[in-house]
> 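So that we are looking at the same thing, I have put the structure below in structure tokens.
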Amino acid sequence: MQYDRIDARILEIVQKNNRLTSEVIGEMAGLSATACQRRLKRLRADGIIEADVSIVSARAVGRPIQMLVLVSLERERSDIIDKFKKAIKSSVEVVNGFYVTGDADFVLYITARSMEEYEQFTRRFFYENPDIKGFKTMVIMDRVKAGFAVPIEPPSED
């Protein structure tokens, strides 16, 4: 997975707005639209661009309750970890899930329509799972920043 300075510029542009046309992106990066399309296709095929998404306001779509949940597993065995990762991926309430180091094993970003709905989720997702040692919920008061943009460093020229 390698990229050059022009790819880095394209990545900066599409992270800010992935709805721009290849013509506009190409112009901003100093390429023709066709060359830009080829590079975008390669960046996607190589997994450098993982997905093209829109960030949706949870509140605007009726899911105003947002939480960060720290989850600790009973035992750290690969089969238990893999099983929990699968459960995270199949749960629509879990927007983001991270396997982490530190005091917890996982950090989850969860949305719900109400606290009652979240309580039902906790019963189903945590309490009924014998592999869960415990979980701590932090209710999000205000989303200060939302995004997926990562800083892009142009490769050094050797």
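All figures in this text were calculated on a predicted structure; none of them were measured in a lab. Position 1 is the first residue of the sequence, and the numbers go up from there.
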> Scan for ring-ring contact (aromatic ring centres under 6.0 Å, His included) pairs involving residues 45-86, sequence neighbours excluded, and state none if there are none.
F84-F106, F84-F125

> Should we count CD of E27 as having more than 12 external heavy atoms under 6.0 Å?
no

> Looking at every non-hydrogen atom in both residues, tell me the closest pair between D103 and S72 and how far apart they are.
O-OG, 3.6 Å

> Can you run down the ring-ring contact (aromatic ring centres under 6.0 Å, His included) pairs that involve residues 29-59, sequence neighbours left out, and say none if there aren't any?
none

> For residues E117 and A112, report the shortest heavy-atom separation together with the two atoms involved.
OE2-CA, 3.2 Å

> Looking only at heavy atoms, which two atoms of R63 and E93 are closest? And how far apart?
NH2-CG, 3.8 Å

> Quick one: pull up CD in E128 and OG1 in T122 and give me the separation to the nearest 0.5 Å.
10.0 Å

> How long is the span from the CZ atom in F126 to the OG1 atom in T137, to the nearest 0.5 Å?
6.5 Å

> Are V69 and V107 connected in the hydrophobic side-chain network, where two residues link if heavy atoms are under 4.5 Å apart?
no

> What's the verdict on salt bridge (Lys or Arg N to Asp or Glu O under 4.0 Å) for K16 and E12, showing C-alpha distance, side-chain angles and the deciding distance?
CA-CA 7 Å; K16 290 179 185 151; E12 287 176 341; 5.7 Å; no

> Hey, which of L31, D4, I152 is the one that makes side-chain contact (heavy atoms from CB on, under 4.5 Å) with I10?
L31

> Taking all non-hydrogen atoms of both residues into account, name the closest pair between C36 and I25 and its distance.
SG-CG2, 3.4 Å

> Step by step, work out the salt bridge (Lys or Arg N to Asp or Glu O under 4.0 Å) result for D7 and R42.
CA-CA 10 Å; D7 291 335; R42 182 181 45 78; 2.6 Å; yes

> Just by distance, do the side chain of D142 and the backbone of V144 share a donor-acceptor pair under 3.5 Å?
no

> Atom CG in L11, atom CG in N18: separation rounded to 0.5 Å?
12.0 Å

> With rounding to the nearest 0.5 Å, note down the distance linking CD1 in I110 to CE in M138.
11.0 Å

> Quick one: closest heavy-atom pair of R113 and G62, and the distance?
CG-O, 3.0 Å

> Does the E76 side chain pair with the main chain of I81, one donor and one acceptor, at a distance under 3.5 Å?
no

> Please give me the minimum heavy-atom distance between R5 and P154, naming the atom from each residue.
NH1-CB, 3.0 Å

> Determine yes or no for a side-chain-to-main-chain donor-acceptor pair under 3.5 angstrom, with D131 supplying the side chain and I80 the backbone.
no

> Look at the side-chain heavy atoms of Ile, Leu, Val, Met, Phe, Trp and Tyr, link any pair under 4.5 Å apart, and say whether V53 and F98 land in one connected group.
no

> Show, in sequence, the C-alpha distance, side-chain angles and deciding distance for D52 and R44, and conclude whether the salt bridge (Lys or Arg N to Asp or Glu O under 4.0 Å) test is met.
CA-CA 9 Å; D52 293 289; R44 288 182 178 104; 2.9 Å; yes

> Should the heavy atoms of other residues, nucleotides or ligands under 6.0 Å from NZ of K136 be counted, would the total exceed 12?
no

> In Å, rounded to the nearest 0.5 Å, how long is the span from CG of L73 to OH of Y99?
7.5 Å

> For I48, is there any backbone N or O sitting under 3.5 Å from a side-chain donor or acceptor partner on D46?
no

> Out of curiosity, M28 CE to N17 CG, how far, rounded to the nearest 0.5 Å?
8.5 Å

> Does I6 belong to the same Ile/Leu/Val/Met/Phe/Trp/Tyr cluster as L20, with side-chain heavy atoms less than 4.5 Å apart forming each link?
yes

> Is there a side-chain contact between R123 and E119, using heavy atoms and a 4.5 Å cut-off?
yes

> Taking T111 as the fixed residue, which of V95, I140, V94 is the one that meets the side-chain contact (heavy atoms from CB on, under 4.5 Å) rule?
V95

> V150, Y3: one ILVMFWY side-chain cluster at the under-4.5 Å cut-off?
yes

> Tell me whether V100 is reachable from L68 by hopping between hydrophobic residues (I, L, V, M, F, W, Y) whose side-chain heavy atoms are closer than 4.5 Å.
yes

